[in-house]
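Below is one structure; the comments refer to it alone.
Numbering starts at 1 and runs along the sequence shown. These numbers come from the heavy atoms of this one structure, side chains and all, not from hydrogens, waters or symmetry mates.
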Amino acid sequence: MGRNNERRWLYGWLYYKHQHPYGFRPESAGRQRPYYIKSLGRDGGVYVRVAGTTRLADEYMIKELMFEGSNRHFDQTLCTGLSVTDEEIDALCRAMKEQAVKNAHNEEQRAAVKEVGRQQLRSWGVLIERDGKDYPSNAYGILTGATLHVATQCGVFKGSTKEVFVDRREYTGPIWEQIEEAFQFVLRNIHLGAAIVGIYRQDIYEIPPEAIRELIINAAVHRSYLDHGNIQVAVYDNRLEITSPGKLPMGQTLERMKEGYSQIRNEALAYAFSYMNLIEHWGSGIPKIIGKSSRIAGTRIYWRRGRSAYQYLPRPD
């Protein structure tokens, strides 16, 4: 088969048979991804379906497919250029326990928080043991903010577009601090009303804080850290929009997400977030967001076919 015919055959196969953001349906595809045009090689012959078009995959997409194809997780791989001391590991363990206690929903959950040690971090993939020595994984760098320039960018915009900035912030450091800073940023920039419950006055935000927090946590734990973009939290006059880098993982759809199906992209982070009581159990985030925000007309959460996920909550008029 000539090169042009080979490319034409691949385009047709992607378009007519496999309507998936990556171009391959998981139930019919093999695991040796990425697939590519043999005559062009892996670097120049991987094509993907994005927003209804077939295009050449960039370096990020190829790496993502390689990790999926080998059933590995980027956050559990060695963080090159970063070393870690016993004191730093102990500090992370203490900080994670503090977060677990802080985020507990009740006294029973708080009392159930156990110490976390290096053996647990190894089992999650936060640490990698080699020849009796511990090395940090990418998850360690993300959790501590020690490397991989991971940031959360927040902004308030006038109107419904990004033409006019009202305020902007960028938060770095440990990922749980970024989540809290972004959460508080949103609360400062949306309306706070009141309702009378019985004989008491109760403050009520225009968007339920629980839904806002879940959206930000969901973006942090499920984003692609192979993509060098940042999570963006944007408050417009008519909506809250949270953007996180990365496509849907292979086999995941919005419909399955609504039903509680979880496809973990960052397994070490998911274990750590669960321990810190940032997430209750895998797959619960999207159903919880929908439940908490159901009182707002027009609520919708969608995943745009492209390089990023867009999670959207409308602001009441």
Side-chain angles (χ1 to χ4, degrees), residues 75 96 99-106 109-110 142-143 150 152-155 171 174-192 203-225 230-236 239-246 248-249 252-267 269-304 308-316:
D75 66 330
M96 289 180 65
Q99 288 299 310
V101 172
K102 175 185 174 182
N103 296 323
H105 299 292
N106 51 56
Q109 191 178 40
R110 190 172 292 109
I142 294 163
L143 286 168
V150 175
T152 301
Q153 298 172 329
C154 299
Y171 302 110
I175 193 65
W176 58 80
E177 291 183 4
Q178 293 186 38
I179 291 169
E180 182 63 23
E181 294 280 11
F183 174 60
Q184 294 298 331
F185 178 91
V186 175
L187 294 186
R188 291 195 300 271
N189 289 285
I190 61 174
H191 297 141
L192 176 63
D203 292 334
I204 299 178
Y205 284 96
E206 60 176 300
I207 301 175
E210 298 91 342
I212 298 169
R213 185 174 173 83
E214 284 292 333
L215 280 173
I216 298 170
I217 291 171
N218 187 67
V221 74
H222 291 301
R223 62 154 289 180
S224 171
Y225 288 94
N230 293 313
I231 292 172
Q232 296 181 335
V233 179
V235 181
Y236 299 92
R239 70 190 186 279
L240 167 66
E241 190 172 274
I242 298 176
T243 308
S244 55
L248 276 173
Q252 183 65 289
T253 65
L254 181 56
E255 290 69 29
R256 300 181 83 180
M257 291 164 64
K258 290 178 179 178
E259 294 171 358
Y261 175 78
S262 180
Q263 185 79 2
I264 300 299
R265 173 182 269 125
N266 303 301
E267 191 168 88
L269 290 182
Y271 280 122
F273 275 41
S274 180
Y275 169 79
M276 292 187 291
N277 291 316
L278 287 169
I279 57 177
E280 291 183 6
H281 55 83
W282 296 356
S284 64
I286 296 299
K288 183 186 291 186
I289 293 165
I290 293 172
K292 294 291 185 181
S293 58
S294 59
R295 67 175 174 83
I296 307 175
T299 292
R300 58 193 174 99
I301 301 169
Y302 64 95
W303 201 292
R304 179 174 167 180
S308 301
Y310 294 81
Q311 301 175 97
Y312 170 108
L313 286 177
R315 298 181 66 184

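- Between the side chain of Gln232 and the main chain of Thr243, no donor-acceptor pair closer than 3.5 Å is present.
- Side chain of Arg265 to main chain of His222: a donor-acceptor pair is present (N/O by atom type, distance under 3.5 Å, no hydrogens or angles).
- When the salt bridge (charged side-chain N to carboxylate O under 4.0 Å, His left out) test is applied to Glu180, the partners found at least two apart in sequence or on another chain are Arg213.
- Atoms CG and CD1, on Asn218 and Ile279 in that order, are 9.0 Å from each other to the nearest 0.5 Å.
- Annotation: the span from Ile204 atom CD1 to Leu192 atom CG amounts to 9.0 Å, rounded to 0.5 Å.
- Side-chain atoms of Asn266 come within 3.5 Å of backbone N or O of Arg223 as a donor-acceptor pair.
- For the atom pair Ile217 CD1 and Ile179 CD1, the distance stands at 5.5 Å (nearest 0.5 Å).
- Nearest heavy atom pair, residue Leu269 against residue Ala220, reads CD1-O, 4.4 Å.
- Proximity of a side-chain donor or acceptor of Asn103 to a complementary backbone N or O of Met276 within less than 3.5 Å is detected.
- Separation of atoms CZ (Arg110) and NE2 (His105) is listed at 10.5 Å; rounding is to 0.5 Å.
- Here OH of Tyr275 is found 10.5 Å from CD of Gln99. Values are rounded to the nearest 0.5 Å.
- By the 4.5 Å heavy-atom criterion applied to side chains, Leu143 and Pro174 are not counted as neighbours.
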### Audit row: Leu240, Ile190, side chain to side chain contact (heavy atoms under 4.5 Å, CB included) steps and yes/no
CA-CA 9 Å; Leu240 167 66; Ile190 61 174; over 6 Å; no

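- Of the possible donor and acceptor atoms, none in the side chain of Glu181 sits under 3.5 Å from a partner among the backbone N and O of Tyr171.
- Closest approach of Ala270 to Ile264, counting heavy atoms only: CB-CG2, 4.1 Å.
- Looking at Asn230, its side chain never comes within 3.5 Å of a backbone N or O of Gln153 through a donor-acceptor pair.
- To the nearest 0.5 angstrom, Thr152 atom OG1 is 10.0 Å from Ile242 atom CD1.
- Nearest heavy-atom pair across Ser224 and Gly246 is CB-CA, 3.7 Å.
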### Message
Would Val150 and Tyr225 count as a side chain to side chain contact (heavy atoms under 4.5 Å, CB included) here? Give the steps.
### Response
CA-CA 8 Å; Val150 175; Tyr225 288 94; 3.8 Å; yes

### Message
Could you go through Val235 and Arg315, starting from their C-alpha distance and side-chain angles, then the distance that decides it, and tell me whether this counts as side chain to side chain contact (heavy atoms under 4.5 Å, CB included)?
### Response
CA-CA 9 Å; Val235 181; Arg315 298 181 66 184; 3.6 Å; yes

### Query
What's the verdict on side chain to side chain contact (heavy atoms under 4.5 Å, CB included) for Leu278 and Val221, showing C-alpha distance, side-chain angles and the deciding distance?
CA-CA 10 Å; Leu278 287 169; Val221 74; over 6 Å; no

